[in-house]
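Taking it in order: structure first as structure tokens, then the write-up.
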Amino acid sequence: MQQHRKHITVFEHESLRIDRGDQRITDIQLKSLQAYFGESGVPYFSLIHKGVRFNEFVGVIQVGELVIEVLPKADTSFAGDNEKKQWRDILIDMLFAVGVFDIHAPSSSSLKLKSNSILNLYFEIFINEIESLLHRGLIKQYRKKEGNVTALKGSLHFSKHIQQNLTHQERFYVRHTTYDVEHQLHFIFYKTICLLRQINTNVNLHSRIGALMLHFPEMPDIKVTEATFEKIVFSRKTESYKKAIEISKLLLLQYHPDVSRGRNNVLALMFDMNKLWEQFVYVSLRQHKKENITITGQTSKLFWKPQSGYRVKMRPDIVLNKDRTDCIVLDTKWKNLNGYNPSPDDLRQMYVYHEYYGANKVALIYPGKETSNSNGNYLDPRTRQETKKECSVITFVVEPKIKQWQKKIYTELESWWSLQKQNTLKT
């Protein structure tokens with residue numbers, strides 16, 4: 001008989017199977033993941049024989065009571081029993097750095113579950129936000145209402161009044177406006193609290209979720225879709241609701257109930273490490289940049305126009321000093337080269353950036369076993385001789401202290417582009 005585990009931690013690109021490995025999933029859990037994968041698939045993992053293999057996405061997938069935590073691992077910087085904790089802390093710190101957990105007091109002042117998982121962190125942030133809103137007092141809004149009342153107010157709905165109150169002359173069926181806490185934002189919060197009560201497996205949060213169920217006014221159940229959140233417009237009065245609504249959106253839309261068994265519902269909170277690495281490098285540069293440097297992210301340029309249909313754009317990750325003679329283009333890749341050259345596709349991509357952005361220099365940015373940079377020159381297609389077009393390969397060793405790591409990324413890159421600029425002036 002298979003033992004039901006409640007928490008499994010793996011690294012990106014690792015596998016979980018039902019028949020082998022130190023960490024195994026059950027047949028039922030695998031079937032739930034297969035059902036979640038469906039015919040169209042999901043980007044977080046791929047199906048293998050008797051198991052699943054995770055991709056470059058990291059975060060948490062909860063299947064019933066089982067929490068599968070997927071962590072990044074770019075190199076062997078950390079080893080031993082604390083390896084998973086160190087990578088978990090780095091992942092959470094990176095998410096904080098890029099603004100995924102863009103929270104304000106009081107939430108950020110009392111987080112206690114950092115060492116557990118991203119899922120618990122999201123739960124606690126949401127609980128903190130709702131507790132704070134309850135403490136300050138829930139906002140009221142006007143809403144239209146109709147029904148029987150004992151005093152005439154608003155407008156009389158004559159046909160329904162005759163239909164329902166022919167023998168009850170003391171009542172009036174009216175349409176009127178009321179001002180109370182029963183509105184869309186609170187419907188969403190209440191639905192999220194109910195979801196947390198259903199899926200939370202962390203004993204440290206049970207009592208706080210129970211307290212929210214007790215103190216938050218009961219609201220009608222609503223069907224929540226992407227359109228529900230698109231229609232929300234925040235005002236100065238409701239701005240304090242924004243973070244809690246963002247977490248509600250994430251949890252409610254990523255929750256996939258198990259309609260057949262009802263025991264293995266799936267909740268996936270996963271992040272693409274390539275995009276997270278790109279944003280992390282970008283934010284690190286922006287934080288420390290000097291006044292004479294401009295830094296833009298995802299700047300697009302048109303480079304192909306068909307006779308009919310849409311034109312095609314190119315979009316490098318980071319551009320420094322755009323449209324200047326000292327323009328530099330950076331592209332980030334979350335993978336360890338392990339001493340090998342970048343892929344031909346990556347190098348070809350950087351060659352195009354040289355041409356279309358008039359870049360002085362270009363560079364590929366990777367995590368690695370050590371912080372280093374190496375240069376290579378593109379060859380002339382006719383003479384096969386080296387040109388002045390250069391592509392650098394820069395790697396950064398992962399640092400456990402996130403602010404020091406961010407500072408190091410900037411100083412190393414600044415040193416690199418300053419050196420390149422001096423060399424260009426000499427030539």
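Just so it is clear, the structure is predicted and the values come from calculations on it, not from any experiment.
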I'd like a table of donor-acceptor pairs (distance under 3.5 Å, sequence neighbours excluded) in which one partner is a side-chain atom from residues 218-225, with atom names and distances.
residue: Asp221; atom: OD1; partner: Lys191; partner atom: NZ; Å: 2.9
residue: Thr225; atom: OG1; partner: Ala227; partner atom: N; Å: 3.3

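- By the salt bridge (Lys or Arg N to Asp or Glu O under 4.0 Å) test, Glu226 is found to be paired with Lys249, residues two or more places apart in sequence or in another chain being considered.
- The pair Glu69-Lys84 does not count as a salt bridge, with every side-chain nitrogen at least 4.0 angstrom from each carboxylate oxygen.
- In this structure Arg348 satisfies the salt bridge (Lys or Arg N to Asp or Glu O under 4.0 Å) test together with Asp345, sequence neighbours excluded.
- Every residue two or more places apart in sequence or in another chain that forms a ring-ring contact (aromatic ring centres under 6.0 Å, His included) with Tyr142 is listed here: Tyr179.
- With sequence neighbours left out, the salt bridge (Lys or Arg N to Asp or Glu O under 4.0 Å) criterion links Lys231 to no other residue.
- Screening residues 278-290 for salt bridge (Lys or Arg N to Asp or Glu O under 4.0 Å) gives Lys290-Glu414 as the qualifying pairs, with residues at least two apart or on separate chains.
- Annotation: side-chain hydrogen bond (donor to acceptor under 3.5 Å, both in side chains) contacts involving residues 40-57, sequence neighbours excluded, comprise Ser15-Arg53.
- For Tyr190, there are no ring-ring contact (aromatic ring centres under 6.0 Å, His included) partners at least two apart in sequence or on another chain.
- Qualifying ring-ring contact (aromatic ring centres under 6.0 Å, His included) partners for His186, counting only residues two or more places apart in sequence or in other chains: His183, Phe216, Tyr241.
- Shown here are the salt bridge (Lys or Arg N to Asp or Glu O under 4.0 Å) partners of Asp346, two or more places apart in sequence or in another chain: Lys333, Lys335.
- Take Trp405 and apply the ring-ring contact (aromatic ring centres under 6.0 Å, His included) test, not counting sequence neighbours, and it matches Trp277, Phe280.
- The side chain to side chain contact (heavy atoms under 4.5 Å, CB included) check on Ser235 picks up Lys237, Thr238, with sequence neighbours excluded.
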